[in-house]
Amino acid sequence: MAKIVASSGLSEQTYLPPALLSSPPKTHQREYIKEAEMILLPLMDDLLTKAKLSPRDIDILVIHCSAFCPSPSLSSIIVNKYSMRSDVKSFNLSGMGCSAGAIGIDLAQNLLKTNNNCYAIVISTEILSAGWYSGHERSKLLINCLFRMGSAALLLTNRKEASKTSKYRLIRTLRTQTAFDDKAYLTAIREEDDDGKLGVTIDKGLLPAAGELLRSHMTILGLKILPLTEKLKHVVSVIRKKFKDKEGEIYMPSFKTAIQHFCLPTSGRALIGEIAKGLNLDGRDVEASLMTLHRFGNQSSSSMWYELAYMEAKERVKKGDKVLMLGMGTGPKCCSCVWECVRPIAGDSNKNNPWRDCIHLYPIEAGSSISQT
């Protein structure tokens, strides 16, 4: 584990819950609940205060956490703690890995399409003490090394008056999965080792499977968001290769013609590098992903929001810019969200931005080069 952490791209400033700082780590139900309350309750308080809303104003609640699915559920814990309305539509997603953040947005969007004048809260988190592997199988130790504490809560609404205060407008979501393929399905799976200890096995075929999934997903997304010129260049190159120049290369459309900012999965420098290569992104495009991995680690489904916060802290997101959030998780599955910035936000969120006390130190040289992934 020490060797993996040393080469992971994580700094020593990432966070672990108190239960995992004990020796040996405390992995009991009561510790899981303590960790959940330590993260979720201040998060809800901050969001409601910033939005100037009462818990009873919330119509939809979506929470996702892969490793921990208690009974009552995490969503029920929030409803209980905040005395939310009896008709609040609450959902609890589990076992969906790092893609759950984007999937939660997709679910909330669909609910808002069928319910008018509503507020929806989507919470992304991971309870690390519930996913800790205490055994010795090398293929299961990777999860212990890369994942760190972090959580994000966001407010979505379809109320017309919110157009004056909202920062972003959700313009598209897309979901793709390859769970029907047994080989891909088994690349990341939670199971017991020979001693009966639970852990997530990471197979060597994970990167190739993720690459195939990403190609399929981005092909469909490209058809929906890329300008016509990029689509034509790709089609012409395919036809030329098939009928005229069999040795020629197929033109890869540039997503930077439609997207200005990218929030990629922070599942390690190797995966970030592979995604960057596949999408033809440069160091600045993946800077937020690499810096988030360095400062906060892989925070599962909430990492993409820390990446967006990084770009906001750097004051790079301008009105009219498009942001692509890409989530990839166990299954394997991929979900993306495309947002449009609808108003100037420079300096808007410095008070609550998680980067506010360290943004001047970033980017660091060690993580800003794709060639080092």
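This chain uses plain numbering: 1 for the first residue, then up along the sequence.
- Side-chain heavy atoms closer than 4.5 Å link hydrophobic residues (I, L, V, M, F, W, Y) into clusters, and following such links, possibly through other members, connects Leu21 to Trp132.
- Side-chain contact between His64 and Leu107 is absent, with no heavy atoms from C-beta onward closer than 4.5 Å.
- Across Pro227 and Ala258, no two heavy atoms sit closer than the pair CD-CB, 4.3 Å.
- Scanning all heavy atoms of the two residues, the minimum distance from Leu226 to Phe255 falls at CD2-CA, 3.9 Å.
- A donor-acceptor pair under 3.5 Å is formed between the side chain of Arg343 and the backbone N or O of Ser166.
- In summary, the side chains of Thr201 and Glu191 do present a donor paired with an acceptor at a separation below 3.5 Å, with no hydrogens or angles considered.
- If you take CD on Glu274 and CZ on Arg269, they are separated by 13.5 Å, rounding to the nearest 0.5 Å.
- Listed for the Ser216 side chain is no donor-acceptor partner under 3.5 Å among the backbone atoms of Leu213.
- Using a 4.5 Å cut-off on side-chain heavy atoms (C-beta onward), Ile103 and Ile105 make no contact.
- No donor-acceptor distance shorter than 3.5 angstrom exists from the side chain of Glu35 to the backbone of Pro17, with no hydrogens or angles considered.
- The CG atom of Leu290 lies 9.0 Å from the CD1 atom of Ile364; values are rounded to the nearest 0.5 Å.
- Checking side-chain atoms of Thr292 against main-chain N and O of Ser289 turns up no donor-acceptor pair under 3.5 Å.
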I'd like to know whether Trp305 forms a ring-ring contact (aromatic ring centres under 6.0 Å, His included) with Tyr310, so could you lay out the CA-CA distance, the side-chain angles of the two residues, the decisive distance to 0.1 Å, and finally the verdict. CA-CA 9 Å; Trp305 301 106; Tyr310 178 89; over 10 Å; no
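- Two residues are said to be in side-chain contact when any heavy atoms from C-beta on lie closer than 4.5 Å; Asp59 and Val88 fail this criterion.
- Between Asn144 and Gly131 the shortest heavy-atom distance is OD1-O, 4.2 Å.
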Do Leu41 and Lys81 pass the side chain to side chain contact (heavy atoms under 4.5 Å, CB included) test, and can you show the C-alpha distance, the side-chain angles, and the key distance before you say yes or no? CA-CA 8 Å; Leu41 302 188; Lys81 293 288 184 181; 4.1 Å; yes
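- In this structure, the separation between CD1 on Ile39 and OG1 on Thr125 is 4.0 Å, given to the nearest 0.5 Å.
- The same ILVMFWY cluster, assembled from side-chain heavy atoms under 4.5 Å apart, contains both Ile225 and Phe262.
- Shown here for Thr176 and His217, the closest heavy-atom pair between the two residues is OG1-ND1, 2.8 Å.
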With side chain to side chain contact (heavy atoms under 4.5 Å, CB included) as the test, would you mind laying out the steps for Asp45 and Tyr82 before giving the verdict? CA-CA 10 Å; Asp45 291 341; Tyr82 288 89; 2.7 Å; yes
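- Donor-acceptor pairing under 3.5 Å is recorded for the side chains of Ser303 and Thr266.
- In terms of heavy-atom proximity, Thr27 sits nearest to Ser129 at CG2-O, 3.6 Å.
- Contact check for Lys256 versus Leu279: no side-chain heavy atoms found under the 4.5 Å cut-off.
- In this view, Ile4 and Leu142, Cys145 satisfy the side chain to side chain contact (heavy atoms under 4.5 Å, CB included) rule, not counting sequence neighbours.
- Counting non-hydrogen atoms of neighbouring residues, nucleotides and ligands closer than 6.0 angstrom, the CG atom of Asp194 reaches no more than 12 such neighbours.
- With rounding to the nearest 0.5 Å, the separation of OG in Ser237 from CG in Leu232 is 10.5 Å.
- A donor-acceptor pair under 3.5 Å is formed between the side chain of Asn158 and the backbone N or O of Cys118.
- Residues Ile171 and Leu223 do not share a hydrophobic cluster, defined by chaining ILVMFWY side chains whose heavy atoms lie under 4.5 Å apart.
- Tyr185 contributes no side-chain N or O that, together with a main-chain N or O of Ile189, makes up a donor-acceptor pair within less than 3.5 Å.
- Side-chain atoms of Ser66 come within 3.5 Å of backbone N or O of Gly97 as a donor-acceptor pair.
- Annotation: side chain of Met328 is not in contact with side chain of Leu264 (no heavy-atom distance under 4.5 Å).
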Check the pair Leu308 / Tyr168 against side chain to side chain contact (heavy atoms under 4.5 Å, CB included), numbers first and verdict last. CA-CA 11 Å; Leu308 183 59; Tyr168 299 95; 3.5 Å; yes
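- Put simply, Leu48 and Met38 are part of the same group of oily side chains (I, L, V, M, F, W, Y) that touch within less than 4.5 Å, one to the next.
- Residue His28 places its NE2 atom among more than 12 non-hydrogen atoms of other residues, nucleotides or ligands, all under 6.0 Å distant.
- Counting only N and O atoms by type, the side chains of Lys333 and Ser99 include no donor and acceptor under 3.5 Å apart.
- Counting heavy atoms from C-beta on, the side chains of Cys98 and Pro265 never come closer than 4.5 Å.
- The shortest non-hydrogen separation linking Asp193 to Glu137 is CB-OE2, 3.2 Å.
- Using a 4.5 Å cut-off on side-chain heavy atoms (C-beta onward), Tyr306 and Pro354 make contact.
- Applying the 6.0 Å contact sphere to CZ of Arg85 captures more than 12 heavy atoms from other residues, nucleotides or ligands.
- Checked by atom type and distance alone, the side chain of Asn110 pairs as donor or acceptor with a backbone atom of Asp106 at under 3.5 Å.
- Residues satisfying the side chain to side chain contact (heavy atoms under 4.5 Å, CB included) test with Lys89, not counting sequence neighbours, are Ile60, Phe91, Asn115.
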Let me see the working for Leu156 and Gln109 under side chain to side chain contact (heavy atoms under 4.5 Å, CB included), right down to the final yes or no. CA-CA 8 Å; Leu156 296 96; Gln109 179 195 41; 5.9 Å; no
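- Between the CD atom of Gln29 and the OG atom of Ser71 there is a distance of 9.5 Å, given to the nearest 0.5 Å.
- In this structure, the separation between OG on Ser300 and CE on Met149 is 13.0 Å, given to the nearest 0.5 Å.
- With Ser73 contributing its side chain and Ser76 its backbone, the two residues share a donor-acceptor pair below 3.5 Å.
- Ile77 is not listed as a side-chain neighbour of Leu40, based on a closest heavy-atom distance of 4.5 Å or more.
- In this structure, Phe147 is not a member of the same hydrophobic cluster as Leu198, with clusters built from ILVMFWY side-chain heavy atoms closer than 4.5 Å.
- For the pairing with Glu312, the salt bridge (Lys or Arg N to Asp or Glu O under 4.0 Å) check across Arg356, Lys167, Lys318 returns one residue only, Lys167.
- Ring-plane geometry between His294 and Tyr362 is classed as perpendicular, the angle between the planes exceeding 60 degrees on a 0 to 90 degree scale with a lower cut at 30.
- By the 6.0 Å contact criterion, NZ on Lys319 is open, its count of non-hydrogen atoms from other residues, nucleotides or ligands being 12 or less.
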Please assess Arg148 against Glu126 for the test salt bridge (Lys or Arg N to Asp or Glu O under 4.0 Å), listing each intermediate value before the final yes or no. CA-CA 8 Å; Arg148 294 293 186 268; Glu126 195 59 75; over 6 Å; no
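- Taking 4.0 Å as the cut-off between side-chain N and carboxylate O, Glu212 and Lys183 do not count as a salt-bridged pair.
- No donor-acceptor pair under 3.5 Å is formed between the side chain of Thr49 and the backbone N or O of Asp46.
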